[in-house]
Amino acid sequence: MRKKICLLGATGSIGDSTLGVIDQHGDLFELHSIAAHKNWEKALKIAEKYQVQKVCMFNEQAADKLHQAASHLTVSHGMDGLVELCGDSEVSVVVNGLVGAVGCLPTLEAVRHSKIIALANKETMVMAGPVIRQALQKYPQAKIVPVDSEHNAIYQCLADRPISEVEQMILTASGGPFRTLPLEEFANISVAQALKHPTWTMGQKITIDSASMMNKGLEVIEAHFLFGVDYEQIAVVVHPQSIIHSLVQFRDGSLMAQMGVPDMKIPIQTALTWPDRLPLETGRVNLAEVANLELFAPDFERFPCLRLAYEAGKKGGTAPAILNAANEVLVAAFLNEEIAFNHIPQGIEYCLDKLDDSVEQLSLEVALEADKSSRNWASEFVQRIRN
Ligand code: NDP
Ligand code: MG
């Protein structure tokens, strides 16, 4: 029996890599359903190639266009459509490659239907980590396997050992394109410069997050909720070559690392087949050729987003949801050339400052409400900059 996969974000970068894994293991995996936002032409091509019957286009007009072009497909739209795909009784694995907070409810629905979730959408855990953890306890058959390369590396290093044996998790970061740029030039960073990632090819939002190191900040919070470790046990180290994908230091002093070429097909495949390791056609690291594996401490002054993420994580409650939503709005504004690169951390701080100190017990409703408020505050900040 082939595993039936629902692929959310099929038209994006994680979508491409997931299809690349399915192509190599057609005997094991069958693409059952897909979702995307607006790119219905690409969704149609994927549906035709993989003979998918169910497609959700989040955008209603895109859904209409797809339906007109291919009336044999079952086409849905909006959050209801996404959620319905995740609860489908035929599906056993949901790959969540959506970008942003929109990925949260689909993840939760997949947990509630006891699916295996290969989770790339880190925003889910940042926005509503405690809610997802509670749901996982209630539905013990459900399992989240991280796809984010750092967390997948940690997952592999842990190899199901109890978390009590772990002293520290060390997330590696490439440091992005501005690791050595003089600080006075940060205000003039262009969109094109920020979109040039030195080692990975990814969607626009995560590429900007990598340039500001907010990506690593979000990943610190993601690690906290995925693995249930304290923030004091999560460290970040800058590693420009992106060969070591992360490390776990155990309480006996042993340090385990997972290494490989920077290709998301590796973490996606391990998430789909764990604990088995299957053949995969991709590059191989030639350590003698790499020669130098550099590792540096991160610079919190240069990258205030990383500091803000640690602070929001430690504060808990709604702070991570506020950080995440503000970041989404500000990154979109930067990509639209409405604000400068260094307005991103300023705007996030503006939103976090609006948070009162009472840390609430996070429920889904509270997280969604915080997400909404933060989007309003961040838009207000963008307007102030523009005026
Ligand atoms: P992309 O921008 O390349 O792709 C995003 C995908 O999500 C597209 O299919 C897009 O559809 C779809 N999408 C966006 N908004 C919606 C929506 N409202 N409803 C339904 N679908 C939507 O992003 P990436 O693939 O790079 O990243 C996806 C996630 O994976 C992010 O959370 C990112 O942080 C994480 N991740 C990505 C890595 C990578 O290598 N790319 C590495 C580690 C984590 P459309 O094409 O129609 O817009
Ligand atoms: Mg990552």
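Atoms within each ligand, like the ligands themselves, are counted from 1 in listed order. Here the structure is a predicted model, which means the values were calculated and not measured.
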Residue Asn121 vicinity, atoms of ligand 1 by number, heavy atom under 4.0 Å:
32 (O)
Just distances here: any N/O of Asp148 and N/O of ligand 1 closer than 3.5 Å?
no
If you measure every N or O of Asn39 against every N or O of ligand 1, does any of those distances drop under 3.5 Å?
yes
For ligand 1, find out whether one of its N or O atoms is nearer than 3.5 Å to an N or O atom of His37.
yes
Taking only Lys NZ, Arg NE, NH1 and NH2, and the carboxylate oxygens of Asp or Glu, determine whether Lys122 and Glu150 approach each other closer than 4.0 Å.
no
Within-shell test, Gly97 vs ligand 1, heavy atom, strictly < 4.0 Å
yes
Ser13-ligand 1 polar pair, N/O distance under 3.5 Å:
yes
Does Arg251 come within less than 4.0 Å of Glu167, counting only side-chain N to carboxylate O?
no
Please list the nearest protein heavy atom to atom 20 (C) of ligand 1 with its residue and the distance rounded to 0.1 Å.
Ala36 O, 3.3 Å
Name of the Asp148 atom (N/O/S only) found closest to the Mg ion (ligand 2)
OD1
How wide is the angle at the Mg ion (ligand 2) between OE2 in Glu219 and OE1 in Glu150, to the nearest 10°?
100°
Are Val131 and Leu108 packed together at the side-chain level, in the sense that at least one heavy-atom pair is separated by less than 4.5 angstrom?
yes
Is it the case that ligand 1 has an N or O less than 3.5 angstrom from some N or O of Trp200?
no
Do Lys65 and Glu41 meet the salt-bridge criterion of a basic N to acidic O distance under 4.0 Å?
no
Counting heavy atoms only, which part of Met264 comes closer than 4.0 Å to ligand 1: side chain, backbone, both or neither?
side chain
Taking the side chain as every heavy atom from C-beta outward, state whether Val331 and Glu328 have any atom pair closer than 4.5 Å.
no
Thr207 versus His197, closest heavy-atom pair with distance
CG2-CB, 4.0 Å
Nearest neighbour of atom 24 (P) of ligand 1 from the list Gly100, Gly203, Ala43, on a heavy-atom basis
Gly203
What's the shortest distance from atom 14 (C) of ligand 1 to any protein heavy atom, and which residue and atom give it?
Val99 CG1, 3.7 Å
Gly12 versus ligand 1: do any nitrogen or oxygen atoms come within less than 3.5 Å of each other?
yes
What's the spacing between Asn327 CG and Ile322 CD1 if we round to 0.5 Å?
13.5 Å
Tell me, do Thr318 and Glu369 make a side-chain contact under 4.5 Å, heavy atoms counted?
no
Taking atom 8 (C) of ligand 1 as the reference point, the nearest protein heavy atom with its distance:
Thr11 OG1, 3.5 Å
Between Lys54 and Asp88, does any NZ, NE, NH1 or NH2 come within less than 4.0 Å of an OD or OE carboxylate oxygen?
yes
One finds that the ligand 1 atoms under 4.0 Å from a non-hydrogen atom of Met202 are 26 (O), 39 (C), 40 (O), 41 (N)
Heavy-atom nearest option to atom 29 (C) of ligand 1, drawn from Ile206, Leu98, Ile14:
Leu98
For Glu123 and ligand 1, does the shortest N/O to N/O distance drop below 3.5 Å?
yes
Salt bridge present between Lys216 and Glu219 (N-O < 4.0 angstrom):
yes
Is any side-chain heavy atom of Arg179 closer than 4.5 Å to one of Pro240?
yes
Any Lys/Arg nitrogen of Lys49 or Asp23 sitting under 4.0 Å from an Asp/Glu carboxylate oxygen of the other?
yes
For ligand 1, which atoms sit closer than 4.0 Å to a heavy atom of Ala120?
30 (O), 32 (O), 35 (C), 36 (N), 44 (C)
Any idea which protein heavy atom is nearest atom 34 (O) of ligand 1, and the distance to it?
Lys122 CE, 3.1 Å
Nearest-contact summary for atom 19 (N) of ligand 1 - protein heavy atom, Å:
Phe58 CB, 3.0 Å
Residues Lys315 and Glu311 bridged, charged N to O under 4.0 Å
no
Against heavy atoms of Lys38, which atoms of ligand 1 measure under 4.0 Å?
45 (P), 47 (O)
